[in-house]
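Heavy-atom basis, side chains included; hydrogens, waters and symmetry copies ignored. Each ligand, and each atom within it, is numbered from 1 in the order the structure gives. These numbers were taken from a predicted model, which means no experiment stands behind them.
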Amino acid sequence: MNFSSTRKRLSATTNPSTQYDDDDDGSITTAPYIDPFSKPSTPSQHQQQQHQHQTTAADRLLRAKSSHTGPLSVEEALRLKNQHSSHTKESSKPVFLTKAQRAQLALERKQQEADLMREQRAATVRAFSKQQEGKEDGEADEQPDDNDGSWRRNRRRDDSQRRRSRSPGRNDRDRYYDRDSDRYYARYRPESSSRRRHNRRSSRSRSPASSRRGDSRHRDSKKTGEDPADNSGNGGEFKFVGKASTDGTGDRVLTDKERETIKQRYLSGDQAGNQHNGRKQTSRKVVFDWDASEDTSRDINDLYEHRHQLHLFGRAHQPIPSSSHPSSAYRRTTDEITNTSGLSSVDQDRLAALHERRQRRAAKALWDERHWTEKPLEEMRDRDWRIFKEDFSISCKGGSIPHPLRSWHESRIPTPIMRAIEDIGYKEPTPIQRQAIPIGLQNRDLIGIAETGSGKTASFLIPMLAFIMTRPALNERNMADGPYALILAPTRELAQQIEGETHKFARRLGYTCVSIVGGHDIEQQAIALRNGAEIIIATPGRLRDCIDRRVLVLNQCTYVVMDEADRMVDMGFEEDVNFILDALPVSNIKPDNVHEDMSDDGGFTYRQTTMFSATMPPVVERMARKYLRSPATVTIGTAGKAVDTVEQRVEFVSGEEKRKHRLLELLSRHRHDPPIIVFVNQKKNVDLLGRALTRSNYSVVTLHGGKSQEQRELSLAKLKNHEADILVATDVAGRGIDVKDVSLVVNFDMAKDIESYTHRIGRTGRAGKRGLAVTFLGGDDRDVLYDLKKMIIASPLSKCPHELASHEAAQAPPSLMRAARK
Ligand SMILES: Nc1ncnc2c1ncn2[C@@H]1O[C@H](COP(=O)(O)OP(=O)(O)OP(=O)(O)O)[C@@H](O)[C@H]1O
């Protein structure tokens, strides 16, 4: 639809006072238009309207009066007056417009304003281009009338008149605007053109960047559909680039889109203001397909996790002013952030938590992620030490525990002992050695609990030797005061074994060790003691004898080791142990209030007492409380747990004959490599079984408490030397006996308690090697079934048979079962 023709038709119908006076040139002569339907927009306009109505009514009265020949009659005058007053009443009535009419009128008015603006812009451009042309062409311009640009103005007027002649419906308002715009050009053109000239000059002198800005403006105008070049070149016609057509009269017809744009721009003020150039705000936004569950940022930054904390100060959405020119608002903001005094306690807590998290993150950034094996000692952090201890199942109690040994050469072990360790061939310390040796070197009391065959002997020997190195060498004068160190063991075999282990080190260091065990001539032992020995290894009974007989004094003994202390108590040696410990000098007993670390004791040496075992029943803890001062406790793995390298099997076999038969079957069928140890509970059964096995062509030695010390030592030596394949023994051989590569342990009789069982099966699977333990169970073993089941279940190599798992006696501890029976 032709927009301009609609506008004209509407004007004609809605403006009753419009008079068309089409003359030859198409011009319209009319009074300035006042729309009677529209509310006066200003007070002056309103007064003007009122005045016009009144003037028109008075004129009519005068005309009526003048057309009358004589004076008016009273009726005539009244009629005229009534006529006038009714007209006045009518004209003063408010006129209501429909919404569509108002919109149409507003559209019309806006169109007129747009036309006026367009004209003004075009005129400015024309004036400018005329001046440019004038400059370029100079005096030799082909247009003779163009010196002042008047020919262009004339041509524009001609064009305008031609257009008007083509548009007979054009109303007086258009004419008014034309005139008005001419006035505008006359008034403002020189100034605006001179301003443009000025702008142009200044833009030339400005930086290239600003000229680029001009370019970008140019580009922008292209984007919006306007072409400034066209505006300057087409005589001020507002030209749309796009699908535009003309109607039959040659008037340009606006497209729907253009009309819509004009409507949005001029009719809906709010929308036009918000939506720049009628463009939707989101038209240039990229809308991503995004799902909150795909947000991985919260994994790496917990700031996102607690997003609300960002809004703690309510400033996140506000622009922060430049700190170089801090405004009062900015200062207030920073004050609020740094000063938490005004915050609620909840917000202060949040702020503190945030701060702490940042600090943790910063500390984490400093973490060295290398494994402890890749780090030098001085770069080890607490975390590395924790990992290290976990790797070796080391757990400690007692406070001020030194770091464990990573290797032999990183320790504070004196060089001569280090050389001895190298000579013996211990490449790496075992877990108990890693932690017990540094504690021992601090001259600190210690309880060491580690599985069988884990190197506990060296754990107490090495610090003991280091301590002895600090003592004066034994000579004629101090020899009579006795040894520097004492090692107590429950059995002769164990004592002799420790002696052998100690001797390996001691002879390399020039020290003497003497074992005092039963079964040997006490006179010979007294002679050995008189010759002087730094280290005494003894069983409690014989040592007490020696002290009683004054064969031995312990005047300068300040280092005491109790190996298998629980066994000593078990065997009834507790009283003997107490007697021996009480015989030690009291002057060097460490007071309770002394700091745990005794390494720097100002030259004074307190007595150091240590206890080692694979099991630590409560009775040993009682002894420890009595004789140890602020001890450190080191546990490797789980206290009392059987060594993981042993596979434990159990079979329910009742009766001696059946068990013998089963044992022979086991030995013949599976062909276990010697040495093999078979444990029997009673001495006489040891001999019976030994003979039975010998009859079956096995090379057998036996060991029990009823044999002479010589026979016992011979049996053990034959087994170690591989002269015998099988050792049949009681619990005498159950503890501490270290025979290399025992492949099989058979519990012909089950041990009476779980600790003894643990030590027995610990004769195999030693020093990291794998072993097998087979146990025959019968009706007498009910009291250990519960603990045995637990131990087998805990063993990684073992499988608990259904018979044991479901056994009635294996369902609860024996004490509970007894209580339930009562
Ligand atoms: N660091 C080491 N490297 C290699 N072998 C070692 C090391 N320490 C000790 N051994 C060896 O391991 C074996 C067992 O050592 P030891 O007898 O001291 O163990 P244990 O824990 O006392 O056993 P039990 O509890 O049965 O008495 C011995 O033959 C010993 O020579």
Proximal ligand 1 atoms for [X], defined as those under 4.0 Å from one of its heavy atoms:
X	value
R763	26 (O)
G453	14 (C), 19 (O), 20 (P), 21 (O), 23 (O), 24 (P), 25 (O), 26 (O)
T457	16 (P), 17 (O), 18 (O), 22 (O)
E451	21 (O)
E428	1 (N), 2 (C), 3 (N)
K740	29 (O)

Looking at [atom], what's its closest protein heavy atom, distance included?
atom	result
atom 29 (O) of ligand 1	D738 OD2, 2.5 Å
atom 8 (N) of ligand 1	Q433 NE2, 2.9 Å
atom 30 (C) of ligand 1	Y426 OH, 3.4 Å
atom 27 (O) of ligand 1	G736 CA, 3.2 Å
atom 19 (O) of ligand 1	G455 N, 3.1 Å
atom 12 (O) of ligand 1	A767 CB, 3.9 Å

Legend entry - H759, portion touching ligand 1 at heavy-atom distance under 4.0 Å: neither
Inset, instruction - Would you give the length of the straight line joining atom CG of D582 to atom CG of N578, rounded to the nearest 0.5 angstrom? - result: 6.0 Å
Inset, instruction - Applying salt bridge (Lys or Arg N to Asp or Glu O under 4.0 Å), run through R649 and E647 and close with a yes or a no. - result: CA-CA 7 Å; R649 292 184 199 160; E647 181 190 350; 3.1 Å; yes
Legend entry - Pairing of D749 and R659 as salt bridge, 4.0 angstrom limit: yes
Measure across [X] and [Y] and return the closest heavy-atom pair with its distance rounded to 0.1 Å.
X	Y	answer
A436	P463	O-CG, 4.5 Å
L405	Q433	CD1-O, 4.2 Å
E379	D384	O-OD2, 3.8 Å
S613	R735	OG-NH1, 4.1 Å
G771	T764	CA-OG1, 3.1 Å

Hey, is [X] one of the residues with a heavy atom under 4.0 angstrom from ligand 1?
X	value
K427	no
A450	no
S454	yes
E501	yes

Inset, instruction - Look at the aromatic rings of W385 and F388 and report parallel, tilted or perpendicular, splitting at 30° and 60°. - result: perpendicular
Legend entry - Option set R567, K456, R766, criterion heavy-atom distance to atom 17 (O) of ligand 1, minimum: R766
Inset, instruction - Determine, for F776 and R662, whether the Lys NZ or Arg CZ falls below 6.0 Å from the six-membered ring centre while staying within 45 degrees of the axis. - result: no
Inset, instruction - Would you kindly say whether E422 and H409 are connected by a side-chain donor-acceptor distance under 3.5 Å? - result: no
